[in-house]
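Treat the numbers as computed from the prediction; the structure is a model and nothing was measured. Every number for a ligand or one of its atoms is a count from 1 in the order of the listing. Values reported hereafter were calculated over all heavy atoms of this structure, with side chains retained and with hydrogens, waters and symmetry mates removed.
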Amino acid sequence: MTWLDLPADDLFGLDNLPYGVFAPAEGRPRVGVRVGSRVLDLAAVLDDPAFAQPTLNAFMAQGREKWSAARARIRELLTDVAHRDTATPHLHHLTDVRLYLPFEVGDYVDFYASEHHATNLGRLFRPGGDPLTPNWKHLPIGYHGRSGTVVLSGTPVVRPHGQRKSPDAAAPDFGPSQRLDIEAEVGFVVGTGSPAGTPVSVAGFRDHVFGICLVNDWSARDIQAWEYVPLGPFLGKSFATSVSPWVVPLEALDAAWTGLPTRDPEPLPYLADTGKEGLDLALSVRLNGQEISTPPFASMYWSGAQMLAHMTVNGASTRTGDLYASGTVSGPAAHEAGSLIELTRAGAEPLTLSDGRTRTFLEDGDEITITGTAPGPSGTRIGLGEVRGRIHPPRPLT
Ligand code: MN
């Protein structure tokens, strides 16, 4: 129960309470928590200077006990009517505030943890061969991305230039990407880091990871296909990676944990799962407002805990603000794929949109919106917000 006027089925009720960074019309960016269609100014209502910072990092660095205490205090403020008069002046309508990138991104890693996505792409990129590489079921494959180009939802995505080489051409040419794609993903945000030489175990996940966000890993498939051998994604993905503005804390996901798909073969002991590390998140991808896919996160082969364990098993340190993304979320069904290259079979089977036009890859002016929900307590749902981006024409070459 809350003294706020909130519908019972609001995706941003008291069981969610995701964190972000906002500024009112007059004022500097500070930390807030979303409730309904409003944001509560935590710098004003909680006695902790970490919330007056323009990123979540100082708060996230405090660790799990402090995260829990802050969440309990926020719930109390929004529940006990005795706090209504003091809290109300610090509740701002989302339409009156500006949102910012919620955390300063440390290192950024992107995984490849969906068996369906990896299989689909393997068939397209390596026809005739085994769709999964020999290592795929033994370790969560990933690459280190470019944290400096992680941007807030809503930031325009300018079509990148690069080298492209079609299979029948003798040499590459240079120009705007003609196969600009999306990847619907879930991002894990590290709260408390880990020192060099100290791997984080699968069970240590909840002490280190603060929460999750939605990610769109924009991908220029033509640039990617030419450059990725043998060292992996580079300029085909580093021009922009969009994240949602609200980081949903793990504590809000208690009802979302589920088992992972069957392991075959069993992974090495450091990757053994503890039974309930999958997350039953439902994603939706819209192109210019029309839903084109509904990727189910519960189908992911590797969990966020396994990804963190693998990422640190060599002794690599982690830091507050590190972001690691799941890789494209694709379910077993055709309409559950999280990228256009899968949905259109590399452009061979265009999507027909409701206005009668067709799409293979993204055109200038197209807008992609990825949303998500998770199970909440007692059959309710909580919202993961949205990550949105519109394609802008390529910059003129000078
Ligand atoms: Mn990706």
Partners of Tyr301 by ring-ring contact (aromatic ring centres under 6.0 Å, His included), sequence neighbours excluded? Trp136
Side chains of Thr2 and Thr79 only: does a donor on one sit below 3.5 Å from an acceptor on the other? no
I'd like to know if the side chain of Gln62 pairs up with that of Asp48 as donor and acceptor (distance under 3.5 Å, no hydrogens or angles considered). yes
How many protein atoms of type N/O/S are positioned less than 2.8 Å from the Mn ion (ligand 1)? 4
Taking only residues two or more places apart in sequence or in another chain, which ones pass side-chain hydrogen bond (donor to acceptor under 3.5 Å, both in side chains) with Ser293? none
Could you tell me which residues satisfy side-chain hydrogen bond (donor to acceptor under 3.5 Å, both in side chains) with Arg179, sequence neighbours excluded, listed by chain and number? none
Cation over ring face, Arg206 and Trp257, 6.0 Å, 45°: yes
